2 protein chains.
Amino acid sequence: MPADTEMLIRKLESIGELSDQDREALASLPVQVRHLEADQDVVREGDRPSVCCLLVDGFMHRYKVLPDGKRQILAIHTPGDVPDLQSLFLRHLDHNLAASAPSQAAFIPHEALRALMRQVLTLTELLWRDTLIDAAIFREWIVAMGQRSARSHLAHLLCEVFTRLRAVGMTQDHSCSLPLTQAELGDACGLSTVHVNRTLQALRGDGLIELQSHRLTILDWARLKEVAQFDPAYLHLRQPFVPTRL
Amino acid sequence: MPADTEMLIRKLESIGELSDQDREALASLPVQVRHLEADQDVVREGDRPSVCCLLVDGFMHRYKVLPDGKRQILAIHTPGDVPDLQSLFLRHLDHNLAASAPSQAAFIPHEALRALMRQVLTLTELLWRDTLIDAAIFREWIVAMGQRSARSHLAHLLCEVFTRLRAVGMTQDHSCSLPLTQAELGDACGLSTVHVNRTLQALRGDGLIELQSHRLTILDWARLKEVAQFDPAYLHLRQPFVPTRL
DNA sequence: CGCATCGTTGATGGGGATCAATAGCTGTGG
DNA sequence: CCACAGCTATTGATCCCCATCAACGATGCG
């Protein structure tokens, strides 16, 4: 039976090495699994959670809403991620976390994680490392928002999501799930829905991608990567993605 | 005699509590102080440093340069910051770090920091917390880049820098040093130099700020904060800034 | 099958980029 | 002490990417 922590183990192995002891310790974490509807908030700005949320299956995103109602999506999360790991050390949350699509989440008590880290010191380092990679992704998003065109920015986002999904074995061939609406892609990139639509059409028209009914297929990785100026170094993966062909 | 680690202690005290033992351990860190010229790179993308850089006096910024030559500034650093603390756990740097103005930096061997954290476990948590706040600032920048107008974005940046400088006692009354050129402000906000210039003039013209010869004075904190929609919660300071008056 | 959400298309406008040139400031050397 | 060089700040003119407004299909679910 695949433990709920299987994806967490895969994720951590994609960014560092785990000993058998590490894996066992992770696998025996006490978790409580819950199903989440699309658009359901998991935790909100100002909350002081006492558990962390491990995404087991589905998609999540973190976001802020400004006083005038504008929403900015800050991060997109894939299975294996612990989007609110920071809540271990930051008293109150400064943003919201929601399921982007119907998802499975495993909730882990802070106390269990703290105990785990005291017990297995290598995991402290690896989890810290995970939050640092989280930050590296934020930096890359800042670059995208500040310097890239809509076309390049969207291409970059697609490259990133595909690469991260691939690192945890959630891609099939050259396609993956991407259950985000164009409105969500827009709020992630700081673009209007209309412009996201037109830009995606252009990417499709140029034969770079296929994107329909929440499934993304990369038709031309080399050119997509070039449009995006995508360099996966910032993801700090142990084995960077090398396209098999096509 | 003011130790070189004085600013680090102040910074950490602004985001958490230090025991006498913590302070002593920090004060006795072995450091090597170096003077840096304006625009001098400290570490570069791809480097694998074996020391961390503590900014003692001056300003620094982190940045990336795209293949087409565009520069995006990712963060602005003030005294007490350790801009490359992450290099402790991420093998290679994914961006550059440079002095924005003539600065003093204290370099601390990774080994000394690791030993410190093994010895004083509360500092592990506090340093981790520091990197998490670093990430929280990135998130707020993403919001600014995606959703705010140039006017609001620049106002927000000024609020942030002032608030952070104030937290470590580096402000005088309602003014502080801000040795950044308009080109640098532009690269931080994803705006052109020309537009930064005009927008700053508007902020000056509206009586919100004064900004000349690298000194910023806040003339109307309440209105500036409103223009910026600035809420310092994301800085996770122990005692948020309450304006004394004016 | 009706309604809501999502995706698509067209038309118009604006915020900010870009190009180009001038003025001010700072340091440096003769 | 001035002249010059180089950077920084400022101003004006023009353009374009993308936002916004407004409909209209498509899709899926109860």
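Since this is a predicted model, take the numbers as computed values, not measurements. We name chains A, B, ... by the order of the sequence lines, and we start the count at 1 in each one.
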Engineer: May I ask you to verify if any side-chain N or O of A:Arg204 is less than 4.0 angstrom from the OP1 or OP2 atom of C:dT8?
Structural biologist: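 Result: yes.
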Engineer: Specify the separation, in whole Å, of atom NZ of B:Lys70 and atom P of C:dT18.
Structural biologist: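 Going from NZ in B:Lys70 over to P in C:dT18 covers 6 Å.
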Engineer: Quickly, which of B:Ile218, B:Val227, B:Leu200, B:Leu219 forms a side-chain contact (heavy atoms from CB on, under 4.5 Å) with B:Leu208? Name it, please.
Structural biologist: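 Looking at B:Ile218, B:Val227, B:Leu200, B:Leu219, the match for B:Leu208 under the side-chain contact (heavy atoms from CB on, under 4.5 Å) is B:Val227.
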Engineer: Contact class for B:Gly186 (heavy atom, under 4.0 Å): base, sugar-phosphate, or nothing?
Structural biologist: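 No contact at all - B:Gly186 keeps every heavy atom at 4.0 Å or more from the nucleic acid.
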Engineer: Write down the distance between CG (B:Asn197) and P (C:dC19), rounded to a whole number of angstrom.
Structural biologist: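 So the two atoms are 18 Å apart, to the nearest Å.
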Engineer: Can a donor-acceptor pair under 3.5 Å be found between the side-chain atoms of A:Arg198 and the base atoms of C:dG10?
Structural biologist: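 Checked by distance alone, the answer is yes.
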Engineer: Out of D:dT8, C:dG16, D:dT10, which nucleotide sits closest to the side chain of B:Thr181?
Structural biologist: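 Per side-chain heavy atoms of B:Thr181, the pick is D:dT8.
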Engineer: Does a sphere of radius 6.0 Å around CD in A:Gln201 hold more than 12 heavy atoms from other residues, nucleotides or ligands, not counting ones at 6.0 Å or beyond?
Structural biologist: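 Buried by this count: over 12 neighbours within 6.0 Å.
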Engineer: Taking the side chain of B:Ser149 as heavy atoms from C-beta outward, which of D:dA19, C:dG16, D:dA9 is closest to it?
Structural biologist: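 Out of D:dA19, C:dG16, D:dA9, the nucleotide with an atom closest to B:Ser149's side chain is C:dG16.
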Engineer: By nearest atom, which of the nucleotides D:dG12, D:dC18, D:dC21 is closest to the A:Val194 side chain?
Structural biologist: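 Taking heavy atoms from C-beta onward, the closest nucleotide is D:dC21.
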Engineer: Salt bridge or not for A:Asp206 and A:Arg223, using N-O below 4.0 Å?
Structural biologist: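 Looking at A:Arg223 together with A:Asp206, the answer is no, because their closest N to O distance does not fall below 4.0 Å.
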Engineer: Just compare D:dA19, C:dT8, C:dG16 and give me whichever is closest to any side-chain atom of A:Leu191.
Structural biologist: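 Between D:dA19, C:dT8, C:dG16, the one nearest the side chain of A:Leu191 would be D:dA19.
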Engineer: Could you tell me how the ring of B:Phe230 sits relative to the ring of B:Trp221: parallel (under 30°), tilted (30 to 60°) or perpendicular (over 60°)?
Structural biologist: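 Judged by the thresholds at 30° and 60°, the geometry between B:Phe230 and B:Trp221 is perpendicular.
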Engineer: Using OP1 and OP2 only, check whether a side-chain N or O of A:Gln201 sits under 4.0 Å from C:dT9.
Structural biologist: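 A:Gln201 to C:dT9 OP1/OP2: side-chain N or O found under 4.0 Å.
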